[in-house]
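Notes for the one structure printed next.
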Amino acid sequence: MKIVTANRLSDGRVIYAGVDNQPVEGIGQASTLDDATAEIVLAEVAARPDVFVNPYLVEVQDRTPSGRDRLKERIRSAGPTVGHSVAGGVG
């Protein structure tokens, strides 16, 4: 199974194609797709550059990234890593 992911144009956040190809923020809300449907959804999402920036397909198993880029996609799905390791900010 696959999901479609991208970054949102307005703020750069990770988004996914959900029901009716609407942008959703959580990987758990992403529509899981078979190979043929995934290619169609990818094309439809790519035609919306005002929302989805650089969309691509990710292999998943139970909505958990499972392909060769699984580590990268798990990090992306968890949200921004900037600021998590710096106590009190820079200064």
Side-chain angles (χ1 to χ4, degrees):
M1 299 301 286
K2 295 183 179 179
I3 60 172
V4 177
T5 187
N7 290 88
R8 186 171 34 218
L9 179 63
S10 63
D11 60 8
R13 291 281 209 185
V14 174
I15 56 174
Y16 304 92
V19 175
D20 295 328
N21 301 340
Q22 293 303 306
V24 295
E25 292 185 8
I27 195 168
Q29 299 168 307
S31 295
T32 54
L33 313 160
D34 60 40
D35 289 344
T37 305
E39 292 295 334
I40 293 167
V41 170
L42 179 61
E44 290 174 359
V45 166
R48 297 174 56 198
D50 57 321
V51 177
F52 294 90
V53 177
N54 297 325
Y56 60 94
L57 299 173
V58 175
E59 290 180 45
V60 293
Q61 184 174 34
D62 299 323
R63 287 199 170 90
T64 300
S66 62
R68 78 167 196 226
D69 292 327
R70 66 185 172 273
L71 178 59
K72 173 187 130 186
E73 294 306 326
R74 286 180 181 165
I75 292 168
R76 286 183 82 237
S77 70
T81 58
V82 176
H84 290 286
S85 62
V86 180
V90 177

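All values below were derived from every heavy atom in this structure, side-chain atoms included, with hydrogens, water molecules and symmetry-related copies excluded.
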Quiz item: Could you give the distance from CZ (R74) to OG (S66), rounded to the nearest 0.5 Å?
Solution: 8.0 Å
Exercise. Could you list the residues that satisfy side chain to side chain donor-acceptor pair (under 3.5 Å) with D11, not counting sequence neighbours?
Key: R8
Quiz item: Atom CG in L33, atom NZ in K2: separation rounded to 0.5 Å?
Solution: 10.0 Å
Exercise. Determine, stepwise, if the pair V14 / N7 fulfils side-chain contact (heavy atoms from CB on, under 4.5 Å).
Key: CA-CA 5 Å; V14 174; N7 290 88; 4.1 Å; yes
Quiz item: Taking atom types as modelled, is there a side-chain donor on T5 or R76 under 3.5 Å from an acceptor on the other?
Solution: yes
Quiz item: Between V24 and I15, does a side-chain contact (heavy atoms from CB on, under 4.5 Å) hold up when you go through it step by step?
Solution: CA-CA 6 Å; V24 295; I15 56 174; over 6 Å; no
Quiz item: At what distance, to the nearest 0.5 angstrom, does CG of D20 lie from CD of E44?
Solution: 10.0 Å
Quiz item: Is R70 salt-bridged to E73, going by a charged N under 4.0 Å from an acidic O?
Solution: no
Quiz prompt | Straight-line distance of S31 OG to Q22 CD, nearest 0.5 Å | solution = 10.0 Å
Quiz item: Under 4.5 Å between any side-chain heavy atoms of L57 and E39, yes or no?
Solution: yes
Quiz item: Hey, what do you get for CZ (R13) to CD (E25), rounding to the nearest 0.5 Å?
Solution: 7.0 Å
Side chains of residues 47-55: which donor-acceptor pairs under 3.5 Å do they make with residues two or more places apart or in other chains?
{"unit_1": "R48", "atom_1": "NH1", "unit_2": "N21", "atom_2": "O", "d": "2.8"}

Self-check item: Single-linkage hydrophobic cluster I75~Y56, side-chain heavy atoms < 4.5 angstrom
Solution: no
Practice problem: With rounding to the nearest 0.5 Å, note down the distance linking CD1 in I3 to CD1 in I27. | Solution: 4.0 Å
Self-check item: Test salt bridge (Lys or Arg N to Asp or Glu O under 4.0 Å) applied to D34 - qualifying residues, sequence neighbours left out
Solution: none
Quiz item: Going hydrophobic residue to hydrophobic residue with side-chain gaps under 4.5 angstrom, can you get from V60 over to V4?
Solution: no
